[in-house]
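Remarks on the structure that follows.
All chains are named by letter (A, B, ...) in the order of the sequence lines, taking the proteins before the strands, and each is independently numbered beginning at 1. Just so it is clear, the model here is predicted, and its values are computed rather than measured.
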Amino acid sequence: LAKTTQPISMDSYEGQEVNITCSHNNIATNDYITWYQQFPSQGPRFIIQGYKTKVTNEVASLFIPADRKSSTLSLPRVSLSDTAVYYCLVGDIGGKIGGFKTIFGAGTRLFVKA
Amino acid sequence: DSGVTQTPKHLITATGQRVTLRCSPRSGDLSVYWYQQSLDQGLQFLIQYYNGEERAKGNILERFSAQQFPDLHSELNLSSLELGDSALYFCASSVTAGSGYTFGSGTRLTVV
């Protein structure tokens with residue numbers, strides 16, 4: 001299982017774009033990259049997932065360079081409500097049957113200020 | 001509402017006791033995952049079940065056990081409870097690991 005490294009914390013202001021980078025030097029060929037958001041005392045919420053290049057949905061973009069050894073979660077125009085912990089996960093999908101030991105690292109605590 | 005239901009939401013019990021946490025996965029999801037999150041800590045993977053069978057195991061203590069029933073709901077049993085077992089216990093479900101996990105709102109266990 002690929003180990004991930006993220007900044008422990010980041011500060012931003014409302015309206016700014018926030019980029020959180022995750023390093024995963026040992027990513028395997030079958031590994032996908034997934035990001036989750038967690039508010040205090042709540043379960044993590046799936047944000048976005050990708051394998052290579054760029055993925056965009058209604059809340060975020062995920063940039064993955066060609067070597068896939070890192071990825072960047074981009075949150076456009078953050079608001080106070082985006083203050084949360086963001087987790088980067090890397091692992092094999094495993095299909096419907098395969099075991100998938102999902103390991104959440106310490107995550108990145110994002111503080112959005114007014 | 002994420003579609004994953006965990007009961008109870010809160011549980012206070014004494015050391016040495018045994019408790020059972022219950023999880024109903026989102027409709028259609030065959031995999032259930034259990035996680036433990038202590039105060040200000042990351043999520044620790046405990047165990048995964050797929051369609052009733054254990055598929056992956058994390059750092060789950062021997063005092064803890066789980067199972068998934070034919071109706072796909074899962075139970076996490078915690079016995080001989082210690083103060084250090086106080087934590088939020090989350091259940092998640094997925095169709096496949098690649099589709100992302102849907103987490104429940106958790107059970108907050110307090111051991112006194």
| field | Residues, nucleotides or ligands: over 12 heavy atoms within 6.0 Å of A:Phe39 CZ | value | yes
| said: Surrounding CG of B:Asn59 (heavy atoms of other residues, nucleotides or ligands, distance under 6.0 Å), is the total greater than 12? | reply: no
| What are the two closest non-hydrogen atoms of B:Gln37 and A:Tyr87, and how far apart are they? | NE2-OH, 3.5 Å
| Should we count CG of B:Leu83 as having more than 12 external heavy atoms under 6.0 Å? | yes
| field | Region of A:Arg109 in contact with chain B, defined by heavy-atom distances below 4.5 Å | value | side chain
| field | Closest non-hydrogen atom pair, B:Leu43 against A:Pro44 | value | CD1-CG, 3.5 Å
| query | Looking only at atom types and distance, does a side-chain atom of A:Tyr36 sit under 3.5 Å from a main-chain N or O of B:Tyr101, one as donor and one as acceptor? | reply | yes
| Minimum heavy-atom separation for B:Phe90 to A:Gln42, with atom names? | CZ-O, 3.3 Å
| said: According to a hydrophobic-cluster definition based on side-chain heavy atoms being under 4.5 Å apart (Ile, Leu, Val, Met, Phe, Trp, Tyr only), do A:Leu110 and A:Val59 belong together? | reply: yes
| query | With hydrophobic residues grouped by side-chain heavy-atom distances under 4.5 Å, do B:Val32 and B:Phe64 end up in a single group? | reply | yes
